[in-house]
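Down below is the structure, laid out as structure tokens.
Letters A, B, ... are given to chains in the order of the sequence lines, protein chains preceding strands, and every chain is numbered from 1.
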There are 2 protein chains.
Amino acid sequence: MLGLSKKSDYALLALSYLATNGESRTVRTKEIAERFAIPAELLAKVMQRLAKMGWLASSPGPSGGYTLAVSDTSITVGDVVRAVDGGSALTHCMQSPEASGCEQWANCTIRGPLGFVNERVQDVLNHIPIRDIRERATPASAESELVKLVARDHSAPAAARRAGASRSRNEGDTP
Amino acid sequence: MLGLSKKSDYALLALSYLATNGESRTVRTKEIAERFAIPAELLAKVMQRLAKMGWLASSPGPSGGYTLAVSDTSITVGDVVRAVDGGSALTHCMQSPEASGCEQWANCTIRGPLGFVNERVQDVLNHIPIRDIRERATPASAESELVKLVARDHSAPAAARRAGASRSRNEGDTP
DNA sequence: CTAATGCCGACCAACGAGGTCGGAGACCTG
DNA sequence: CAGGTCTCCGACCTCGTTGGTCGGCATTAG
Ligand code: FES
Ligand code: FES
């Protein structure tokens, strides 16, 4: 349905909460869960994945919890979605270079243009750090960031994911 | 997973095929289905929805089929996704004004910023007409600012392609 | 030690996507 | 004009993924 899953939603929620309210304090999962009225166990699972990704520091035991381990500007919603939701591509074909298994690959005529659209969407997602996902104040900051994104050229950080649609010239591909 | 469904994929495929190869000819569903190796019945359902939306004209009986009923620049991929896939919002909360039923509405702190992100994504999708979803990315029209955005990143191949892509029909497409 | 917290795996339910079926109407053949 | 066949059309069903739950184990403050 072209919508990110609830897990991504919860992850964004928790990360924004940690970035706002967890300066150097350990925040328990239950606290976040009760704060946002979401199932605690599911959020726990999401938190685990975030911790495994290296973005959260965990401390077990009583008075334990999670702490944001990285800067709130180094993670973007694209990263979060990709980590917690497993990929963030418009179609399965352009998820990985050629591990698609898409039967329409040979005949597909929309792969190229759709790849461009996908790249645009990914760019939008990859340029919103979680710092901008906050209370819904900060309209100036977020807006300026996005305006810069839309209006100006973006250079390096988008080179991470290399869209496999680079060469669309070959007629006879080798499966 | 933040991916459009296969139905949307098929719809885009069929629409691009109709816009390219169905100038004023009735094209059968089976033709498109065999052309792209997709299940005919499922594509039939997609076609029905497209027809119901007013974008295709249907004629039953032998030598019947579908014809593109509107200009190929008046439908965007956003419209297609929204019609065939049922909404194209990042979260269910921002699908309709208040028919969300999202329990986190009261406490959600990311609704505002995420709405902005959603708007960006929708903008991307709403500015790509199906005319631009064709054999290759040849934004000959170059009317919308988004097409310019798309063309910027890959400006060299696009410019090279644009030289001889003014009115070229399908070339070398007979498997 | 005990209690509270994170960590991990398996498990289940529900919804939607993907796929399939038989029917109704219109063209073509004779 | 009647039958056959080809096409759309709508309802139906199956299956995979997502969302959600449970119990058990390791770890650490008090
Ligand atoms: S649909 Fe998979 S390659 Fe186009
Ligand atoms: S998650 Fe529904 S309003 Fe934010």
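Listed for the A:T20 side chain is no donor-acceptor partner under 3.5 Å among the backbone atoms of A:Y17. A donor-acceptor pair under 3.5 Å is formed between the side chain of A:N126 and the backbone N or O of A:Q122.
Of the inter-residue distances, the one linking A:L15 atom CG with A:I130 atom CD1 reads 4.5 Å to the nearest 0.5 angstrom.
With contacts defined as side-chain heavy-atom distances shorter than 4.5 Å, the pair B:P129/B:D72 does not qualify.
Spacing between atom CZ of B:R28 and atom P of C:dC27 amounts to 16 Å, rounded to whole angstrom units. Whole-Å rounding puts the A:L43 CG to D:dG19 C1' distance at 13 Å. Nucleotide D:dG20 holds its P atom 9 Å from the CD1 atom of A:I38, rounded to whole Å. Atom CG in A:L56 sits about 15 Å away from atom C1' in C:dT5, given to the nearest Å. In this structure, CD of B:E41 is placed 18 Å from P of D:dC12, rounded to the nearest angstrom. Summarising the geometry, the separation between CG on B:L42 and P on C:dG16 is reported as 17 Å, rounded to the nearest angstrom. The interatomic distance linking A:K6 (NZ) with C:dG16 (C1') rounds to 14 Å, in whole Å. Straight-line distance from the CD atom of A:E31 to the C1' atom of C:dG6: 15 Å, rounded to whole Å.
For B:S5 and C:dG16, the shortest distance from a side-chain N or O to OP1 or OP2 is not below 4.0 Å. Contact between the side-chain N/O atoms of A:Y10 and the OP1/OP2 oxygens of D:dG20 is found at a separation under 4.0 Å. Between A:T29 and C:dG6, a side-chain N or O to OP1/OP2 separation shorter than 4.0 Å is present.
A:D79 meets the side chain to side chain donor-acceptor pair (under 3.5 Å) test with A:T76; sequence neighbours excluded.
For B:K7, taking side-chain heavy atoms from C-beta onward, the closest of the listed nucleotides C:dA17, D:dC22, C:dC21 is C:dA17.
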Base contacts versus sugar-phosphate-only contacts with protein, heavy atoms under 4.0 Å: please encode nucleotides 7-15 of chain C as B, S and - from 5' to 3'.
BB-B-----
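The heavy-atom pair separating A:V70 from A:G54 by the smallest distance is CG1-O, 3.9 Å. Minimum interatomic distance between B:S63 and B:T26 (heavy atoms only, all atoms of both residues): O-OG1, 3.4 Å. The two atoms that bring B:A69 and B:A57 nearest to each other are CB-N, 3.8 Å, heavy atoms only.
A salt bridge is defined here as a Lys NZ or Arg NE, NH1 or NH2 lying under 4.0 Å from an Asp or Glu carboxylate O, and B:R120 with B:D123 meets this definition.
The residue among A:P39 and A:P62 whose nearest nucleotide of DNA chain D lies closer to the 5′ end is A:P39.
Rounded to 10 degrees, the angle separating the terminal axes of the helix from C:dC1-D:dG30 to C:dG30-D:dC1 is 10°, with each axis obtained from five end pairs.
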